[in-house]
Amino acid sequence: MKEELLQEESFFKLLRQKGIEFQPSQYKALTSDGRALLLLAVPGSGKTTVLVSRIAFLILCRAVSPSRILTMTFSREAARDMDQRYQELFGELSREQPRFSTIHSFCYRVLGYYAKTYRRQMPKLLVDAGQEISRTGLIREIYREVTGEFLSPQDDLLERLLNRISLSKNLLLTPEERQELDKETEAFSDIYTAYEKKKQSLGLMDFDDMLTYSLSILKKCRPVRDYFEGAYDYLLIDEAQDTSKSQYEIISLLAKRMKLFVVGDEDQCIYSFRGAYPQGLLRFPKDYPGAEILKLEQNYRSKGKIVARANEFIKGNQNRYEKEMFTLQRGEGEILFQKLSDYRLQGEETVKELKSLLPGETAAVLYRNHESMIPVVDRLEREGIPYYTREKQVKFFSHFVVRDILAFFTLSYDPCNLDAFEQIYYKCLCSKMVLIYVKHQIGKYRSVFEAAADAPEASPFLREKWKRCDKALSRLRHRSPLTAIGIIEEKLGYREYLQKRANASFANTTLKLSILKTVAAPLETLEEFAHRMAFLEQRCSSGSSAKTKCAVTLSTLHSCKGLEFDTVILLDCVEGILPNEDAAKEFALEHPEELEGEARLFYVGITRAKRRLVIYFSDYYHDELSVRSRFVTRLMPPEERKRFRLPGVDAEESRLSWLLDKDVDHKFFGRGTVVGIGRGDAVSVLFPKYGQKELSYYECRKSRILKVLKKP
């Protein structure tokens, strides 16, 4: 025992030499020898250092072989970070190095061992690139088979279906629960079943199958479970709040014969859309009776004001452990709340902030939606500010709305372009037969719409419509890109098409249009716009505007966890974006879970800032009156709330009372005035033609049938 204590003294002396001084709670977590321990770590608390030091302590002070330690985390990036941190601190001290892996990679080993032991065929992994069969292609084929729809489903719908399938597996849902998960797609359960059968018949599995198959094997095949339980003595889990229910159950099975060390923070669980299961942390004491629960509450990253306000903010959530985040750093830091007249001014204000950075300082521009980076990249390129993007954004440029607008533009200066016509023909009510006629007879006509109007299948009504389209397109090329997009929306009926075809995705499609308008605003010709879009696609797909390391990072809130910056700029802090409309609606109906998830996302964003946090919200967002996010109000100290207490901007304190006396436009009832606010999200609107109507505000907004009008 004396020799062991001397080893511990040497170990902590070594850490002090490396500039690491552990607090009592960290020391206790490091040296604990209990059966199960949960370490709750606030942002910036040095949890990675504690975890890798725990591993080194077991190896160097407890003579545990690295091969007997199983360390798993949520993502490959987190596993690489742990490995790198371990090598920096302890790499030269141990001959045999510990292994850091993701839960998925561990499950792949389980499947491999099972297949080899029982001579089964290992399914091939189904991904979305580099294979003859892709997940998207497979679900597209199945969707058309199940629904009988002739037209190919939109990319947004396919992505949603794949996400819902993944979510249902990660949450281990029953067939009944699965159908409840996606009420928008009537045949979702049938699509799910057909997708599973198709994969099995082709000998394929997706990433989520790796989890569910492994869980099933570990539950039912005792020899396999005995093998993996006997292979390790210690099980360490990092980023535990991000594990799904299926992953949590796999961990629970393995932990029965191992010593379990779990690091996480339910306040930073932001992947609920992927099936993250923060309830696992909350039920830890029940699942592991006698478990130790320790807290790392000191934030080493951020200045005092940022830490204090973030700590108060997250206390607004109910489903959490009580924690008191604090910092001993000198200096208060700064939180700047900036109200803009229009969200498009965010780019201009962001450039000002970035130009004020001192040499060596870093900054991040964070946003909820991937698309929000497009106008930012456009502005940074014009200003010559180097940047790095966390995600390589290419989906925006392949979205059908973007392709459609570019196709309309192409037809304006190349009216016989068949590729462009094939992109938009059915959006202008042209049938497949009309398309075939145009393709075969185009040589006789001046334009595709002139040919369409001459097709035998064309009715008198459609002939007149296509003649108007032809006339509008011929004038389009002489207009500015911004004006041209407006003409396509209104004169060519494209906005009406989106409302009918996109249904629940209409909000997403109008977001695409708004971003296109932002890019188009400073340009003069359609050709300039096409070139600019090609340039932005190249820049966004490359991920950086410079070969060297950049001081400026662009990232979604979901991708910024684990990072830190001197300055953080948070965009689009308005109701409907952060939090999203679904979460706000559920909260109004007294279902707070989704809103708490949105609050955690906001919390992760603001705790990336070391010394300065800048938050933008605006009066107008995508040409509609907007309300500042309730999270902004919640973060504000009382004196700031008084400064910004204006009619129509305080969503948290007054919920929907900002709508009172506002003029609105309803798709069916026309213009009206909000005359009353009821329970939940009920509003009373007086329509001159139809009298007073009781409406669900969030349902109307989600269906895009109600618009709050600008002041004249």
Side-chain angles (χ1 to χ4, degrees), residues 74-77 102-105 107-108 111-112 115 121-171 178 181-182 184-185 187-214 244 246 271 273-275 369-371 389-404 419 422-423 501-502 505 508-509 512 537-538 540-543 556 558-559:
F74 174 68
S75 67
R76 282 178 289 184
E77 186 174 16
T102 64
I103 298 176
H104 278 89
S105 65
C107 288
Y108 194 79
L111 297 178
Q121 184 66 40
M122 180 85 156
K124 292 182 180 179
L125 196 56
L126 178 64
V127 293
D128 254 338
Q131 287 184 340
E132 185 178 341
I133 301 174
S134 69
R135 290 174 72 238
T136 304
L138 195 62
I139 200 69
R140 179 184 287 111
E141 175 188 334
I142 288 168
Y143 179 84
R144 292 178 66 174
E145 287 176 0
V146 171
T147 63
E149 287 196 16
F150 172 73
L151 295 174
S152 292
Q154 298 169 17
D155 292 343
D156 287 350
L157 173 58
L158 296 177
E159 186 176 356
R160 193 185 83 227
L161 288 172
L162 287 171
N163 288 341
R164 291 292 191 269
I165 290 171
S166 176
L167 188 60
S168 65
K169 291 181 185 180
N170 276 282
L171 293 178
R178 195 158 56 228
L181 187 65
D182 195 333
E184 296 174 25
T185 308
F188 175 69
S189 188
D190 294 333
I191 292 169
Y192 179 97
T193 302
Y195 173 74
E196 293 303 296
K197 287 182 178 179
K198 190 72 172 179
K199 282 195 288 91
Q200 290 176 11
S201 69
L202 295 171
L204 298 170
M205 66 176 175
D206 58 29
F207 279 97
D208 304 304
D209 292 330
M210 292 168 62
L211 302 174
T212 54
Y213 291 174
S214 295
S244 65
S246 59
Y271 295 112
F273 66 97
R274 293 180 185 168
N369 298 316
H370 284 92
E371 289 90 347
T389 61
R390 292 277 293 169
E391 303 93 354
K392 295 181 180 179
Q393 170 60 265
V394 291
K395 286 186 178 180
F396 172 83
F397 299 94
S398 61
H399 193 274
F400 78 89
V401 169
V402 178
R403 298 200 308 269
D404 287 352
D419 289 337
E422 192 162 8
Q423 173 66 33
R501 177 76 175 119
S505 299
N508 189 32
T509 57
K512 305 288 189 299
E537 181 175 11
Q538 186 275 324
C540 291
S541 62
S542 68
T556 62
H558 284 101
S559 294

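Values reported hereafter were calculated over all heavy atoms of this structure, with side chains retained and with hydrogens, waters and symmetry mates removed.
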Legend entry - Side-chain donor or acceptor of Ser105 paired with backbone N/O of Thr102 under 3.5 Å: yes
Legend entry - Reported SG-to-NE2 distance for the pair Cys540 and His370, which is rounded to 0.5 angstrom: 11.0 Å
Legend entry - Gln538 vs Phe397 side-chain heavy atoms within contact, under 4.5 Å: no
Inset, instruction - Say whether, by atom type as modelled, one donor and one acceptor occur between the side chain of Asp206 and the main chain of Asp208 under 3.5 angstrom. - result: yes
Legend entry - Gap separating the CG atom of Leu162 from the OH atom of Tyr143, nearest 0.5 angstrom: 13.0 Å
Inset, instruction - Consider only side-chain N and O atoms of Thr136 and Ser134, and report whether a donor and an acceptor are under 3.5 Å apart. - result: no
Legend entry - Between CZ on residue Arg178 and CG on residue Leu167, distance to nearest 0.5 Å: 12.0 Å
Inset, instruction - Supply the atom-to-atom distance Ser244 OG to Arg274 CZ, rounded to the nearest 0.5 angstrom. - result: 11.5 Å
Inset, instruction - State whether Lys198 and Glu145 are salt-bridged, where the test is any N-O pair (Lys NZ or Arg NE/NH1/NH2 against Asp/Glu carboxylate O) under 4.0 Å. - result: no
Inset, instruction - Please say whether more than 12 non-hydrogen atoms of neighbouring residues, nucleotides or ligands are located less than 6.0 Å from CZ in Arg76. - result: no
Inset, instruction - Taking the side chain as every heavy atom from C-beta outward, state whether Asn163 and Phe273 have any pair of such atoms under 4.5 Å apart. - result: no
Legend entry - Check: Tyr271 side chain, His558 main-chain N or O, donor-acceptor pair, under 3.5 Å: yes
Inset, instruction - State the CD-NZ distance between Glu159 and Lys395, to the nearest 0.5 angstrom. - result: 3.5 Å
Inset, instruction - State, yes or no, whether a side-chain contact exists between Lys169 and Phe207 at a heavy-atom distance under 4.5 Å. - result: no
Legend entry - Within 45° cone and under 6.0 Å: Arg164 NZ/CZ vs Phe188 ring: no
Legend entry - Minimum side-chain heavy-atom gap Leu126-Leu202 below 4.5 Å: no
Legend entry - With Ser214, the side chain to side chain contact (heavy atoms under 4.5 Å, CB included) member among Leu111, Asp209, Ile103: Leu111
Inset, instruction - Mind checking the NE2-CZ spacing from His104 to Phe74? Nearest 0.5 Å is all I need. - result: 8.0 Å
